[in-house]
Amino acid sequence: MFHLPKKEPRVIRFLCRPEDNGVIAAPLPAKSVLPDWFRKLPAVDQKHLSTTNNGLTVKRCMPFLDAMATGWVLPLAATVRLEIKDGGRSVEAGWEFDRVMVSNHGAHQVAGNPREPSPPCKFHNYWSIRTPPGWSCLFLPPLNRPGQPFECVAGVVDTDTYAAHIHFPFFATAPDGLYAIEKGTPLVQVIPFRRADAAVTADIRAETRKEAEERETIYRNTISSAAWYRKTARTAR
């Protein structure tokens, strides 16, 4: 009798110390924490709907939505206050939590970077992240979610072998002032990927006639669907 090998389930694990469980903010699927402005946005803005304007908003833009909804959001463990001073040259942080929340990098490590004069800082994260063998994680600022007084730096970690805490370098991006960053504020978006799938080569050339036809067909189907929606939307008034 043959026994097929069991496949390891594709699970990303976020692990914290037992005493931190239920205390620090927990990771969430990105699709469950879409921004309020996006949730409130109608798919069709009736004020702009006309024979020459389909009134569609970005809520009907699947690339925009899929980017925001992919992976998980890793939040700030506890509330932090950032004070930005001297035209961004000085950033001080304070908190009441019993673990370090923010520390500094040496400015010389990123000399000449586009964010100067803002100094490089680092949010401390208390979740370890583990993925199945062959899987890594892309960490990047939460996609299509601007508006925070900081921006974390993107990076890739082989989370199938690196089980320690991953901290997140950031730059303060807001004008001088005091900012309270609440517990649970999204820090980074975590997107797991299998390294073998990422190891692809590039084919850079002019398209063939068949490829051009495929591209044109997809494009024309897209605009015809939008036109159909516009017509039925007007009829439903």
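Along the sequence shown, residues are numbered consecutively beginning with 1.
- Applying the side chain to side chain donor-acceptor pair (under 3.5 Å) criterion to D20, with sequence neighbours excluded, gives R99.
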If you apply the rule side-chain contact (heavy atoms from CB on, under 4.5 Å), what do you find for R145 with L34, and how did you get there? CA-CA 9 Å; R145 289 176 173 88; L34 297 178; 3.8 Å; yes
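- Both I12 and Y162 are members of a single hydrophobic cluster when ILVMFWY side chains are connected at heavy-atom separations under 4.5 Å.
- Inter-residue side-chain proximity for R115 and T173 is flagged as met; some heavy-atom pair is nearer than 4.5 Å.
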Side-chain donor-acceptor pairs under 3.5 Å in residues 135-144, sequence neighbours left out?
{"from": "S136", "atom 1": "OG", "to": "D158", "atom 2": "OD1", "distance (Å)": "2.6"}
{"from": "S136", "atom 1": "OG", "to": "R195", "atom 2": "NH1", "distance (Å)": "2.7"}
{"from": "N144", "atom 1": "ND2", "to": "F64", "atom 2": "O", "distance (Å)": "3.1"}

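- Side chain of K59 to backbone of R39: a donor-acceptor contact under 3.5 angstrom is found.
- Sequence neighbours left out, the pairs with a member in residues 111-134 that pass ring pair (Phe, Tyr, Trp, His ring centres under 6.0 Å) are F123-F150, F123-F170, H124-H167, Y126-H165.
- Shown here for S118 and A172, the closest heavy-atom pair between the two residues is OG-O, 3.2 Å.
- Nearest approach of F171 to P119, heavy atoms of both residues: CD2-O, 3.7 Å.
- At a threshold of 4.5 Å between non-hydrogen side-chain atoms, the residues H105 and P169 count as touching.
- Interatomic distance, E213 CD to I218 CD1, rounded to the nearest 0.5 Å: 12.0 Å.
- A continuous path of hydrophobic side-chain contacts links M62 to L41 [ILVMFWY only; heavy atoms under 4.5 Å].
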Distance-only donor-acceptor hits, side chain of residues 69-79, under 3.5 Å, sequence neighbours excluded:
{"from": "T70", "atom 1": "OG1", "to": "D66", "atom 2": "O", "distance (Å)": "2.4"}
{"from": "T79", "atom 1": "OG1", "to": "K183", "atom 2": "N", "distance (Å)": "3.0"}

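- Transitive grouping of hydrophobic side chains (ILVMFWY, heavy atoms separated by less than 4.5 Å) brings I181 and I24 into a common cluster.
- For the salt bridge (charged side-chain N to carboxylate O under 4.0 Å, His left out) test, no residue two or more places apart in sequence or in another chain qualifies with D36.
- Rounding to the nearest 0.5 Å gives a distance of 5.0 Å between CD1 of I84 and OH of Y179.
- Residues meeting the side chain to side chain contact (heavy atoms under 4.5 Å, CB included) test with A93, sequence neighbours left out: V80, L82, W95, V102.
- Put simply, the side chain of T185 reaches to within 4.5 Å of the side chain of Q148, judged on heavy atoms.
- In H48, the NE2 atom is not crowded: 12 or fewer heavy atoms of neighbouring residues, nucleotides or ligands sit closer than 6.0 Å.
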Test side-chain contact (heavy atoms from CB on, under 4.5 Å) on I166 and T159 and set out the steps. CA-CA 10 Å; I166 301 165; T159 44; 4.0 Å; yes
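- Residues R215 and E207 share a closest heavy-atom pair of NH2-OE2, 2.5 Å.
- No donor-acceptor pair closer than 3.5 Å links the side chain of E116 to the backbone N or O of A107.
- D176 is linked by a side chain to side chain donor-acceptor pair (under 3.5 Å) to nothing, counting only residues two or more places apart in sequence or in another chain.
- A single hydrophobic cluster is not seen to contain both V58 and V44; linkage of ILVMFWY side chains at heavy-atom distances under 4.5 Å, directly or through other members, places them apart.
- Shown here are the side chain to side chain contact (heavy atoms under 4.5 Å, CB included) partners of R89, two or more places apart in sequence or in another chain: D86, P117.
- Here R130 pairs with nothing under the side chain to side chain donor-acceptor pair (under 3.5 Å) rule; sequence neighbours left out.
- With sequence neighbours left out, P42 forms a side chain to side chain contact (heavy atoms under 4.5 Å, CB included) with no residue at all.
- A continuous path of hydrophobic side-chain contacts links V23 to F14 [ILVMFWY only; heavy atoms under 4.5 Å].
- Listed by chain and residue number, E96, L178 satisfy the side chain to side chain contact (heavy atoms under 4.5 Å, CB included) test with R81 (two or more places apart in sequence, or in another chain).
- Residues satisfying the side chain to side chain donor-acceptor pair (under 3.5 Å) test with R205, not counting sequence neighbours, are D203, E211.
- Expressed to the nearest 0.5 Å, how far CD of Q109 lies from CG of N104 amounts to 10.5 Å.
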